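Input: a single structure, listed below in structure tokens.
Here the structure is a predicted model, which is why all the values come from computation and not from measurement.
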Amino acid sequence: GRAPAQLPFDQLPADMIERIEVLRTPSAEFGGAPAGTINIVMRQPGGQPQAQLRLSTQVAFDTLAPRLFASRSAPLDGSDGRWRGFVSMAASERLWGSDLQRQVDAADGSGRSDLDLLRGRTRELTLMPRVDGRLSTRDTVILRATLLAMTTDARIDGAGSVIPALGPAWNQRSLEIGETHRQMAQLRADWTRRLTKARLEARVSADRAGESIERQRQGIFADVDPPRQSISGFDDRRVERSAQAGLKLTGTDAGDGWAGGLEIESRRLAVDTVLRADGIAPDERALTTRYERRTLRGQNAWKERGREQLATSR
């Protein structure tokens, strides 16, 4: 039930979280965390059919931004209760921005005044289907997917005026427009086999994430001779693909606890960036990198039997 490390938590709705566990002890299971682990458990299918629907809204800058969350959990037809399905969907808009005004006055009578108006809107869509089932009395399977999409539009309108001590005053205006798009798709399968004194777990997952950023800035200096105008732009494209597999064996005996496992991960990242400015040829840059990880881990926990026996004898 833990969320993968590459999941963008800033895009994960709180309604889809079942609970958050804080593990205050070291654990080899979570990448060798030396101090502790925060385990985010997502919502799971329930034993009985149930549905949720929640609608809310936000008001900012005289504009409405609705938010919708819906979920449905029920046994699958014809499975005699052995298979259960769950799906949750969240769609929302967030409005954000600010009004910033700055003014500087000097003793010689010169001064400067600036006003920046920032307006932004973020639209997010999250879909998380899940199926839990039993292949036998000892074997369980979990199939799940995560689909994320986000679009952000931002605009900054700026105006400034300068009153010099000598010479005429002049004004300038600027406009900056930016768009950000992010998508992610992840598929994961988990299989658990219960043995006599141990539990065997296997998981396989694959995901693809993409992000694109576009920004354009325009500046106009109208009161200078001659008038000047400048335009610059920035485009960035990122695509990341990864595949992971893991195998874990855990002792379930009432005595000493032990666990061991193997993890394999392959990740590839491609980045394309283009910089543009007036009178300058576009600057194009490309980067491709690959990362592979293989981990063999083990952990053992034992009880202080001497103290326990001493306490029992007393």
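Looking at residues two or more places apart in sequence or on another chain, you find a side-chain contact (heavy atoms from CB on, under 4.5 Å) between Thr192 and Thr140, Arg199, Glu201. For Arg241, there are no salt bridge (charged side-chain N to carboxylate O under 4.0 Å, His left out) partners, not counting sequence neighbours. By the side-chain contact (heavy atoms from CB on, under 4.5 Å) test, Gln218 is found to be paired with Ile220, Gln229, Ile231, residues two or more places apart in sequence or in another chain being considered.
By the criterion of side-chain heavy atoms lying less than 4.5 angstrom apart, applied directly or through intervening Ile, Leu, Val, Met, Phe, Trp or Tyr residues, Leu135 is grouped together with Leu247 in one hydrophobic cluster. Hydrophobic cluster membership is shared by Trp83 and Trp191, with clusters built from Ile, Leu, Val, Met, Phe, Trp and Tyr side chains linked at under 4.5 angstrom. There is no path of hydrophobic side-chain contacts, each under 4.5 Å, that joins Leu127 to Leu187.
Nearest approach of Glu93 to Leu64, heavy atoms of both residues: OE1-O, 4.2 Å. The nearest pair of heavy atoms linking Trp96 to Ala154 is CH2-CB, 3.8 Å. Closest non-hydrogen pair, Leu296 versus Gly261, comes out as CD1-O, 3.4 Å.
Contacts classified as side chain to side chain donor-acceptor pair (under 3.5 Å) and involving residues 54-63 (residues at least two apart or in different chains) are given here: Asp15-Arg54. The side chain to side chain donor-acceptor pair (under 3.5 Å) analysis of residues 268-277, with sequence neighbours excluded, yields the pairs Asp235-Arg276, Asp236-Thr273.
By the neighbour-count criterion of 12 heavy atoms within 6.0 Å, atom CZ of Arg238 is sparsely surrounded, having that number or fewer from other residues, nucleotides or ligands. By the neighbour-count criterion of 12 heavy atoms within 6.0 Å, atom CZ of Arg215 is sparsely surrounded, having that number or fewer from other residues, nucleotides or ligands.
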Please list every donor-acceptor pair under 3.5 Å in which a side-chain atom of residues 110-118 meets a protein atom from a residue at least two apart or in another chain.
residue	atom	partner	partner atom	Å
Ser110	OG	Asp108	OD1	2.7
Arg112	NE	Asp114	OD1	3.4
Arg112	NE	Asp114	OD2	2.9
Arg112	NH2	Asp114	OD1	3.3
Asp116	OD2	Arg102	NH1	3.3
Asp116	OD2	Arg102	NH2	3.4

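Classification of Arg121 and Asp153 as a salt-bridged pair fails, no side-chain N sitting under 4.0 Å from a carboxylate O.
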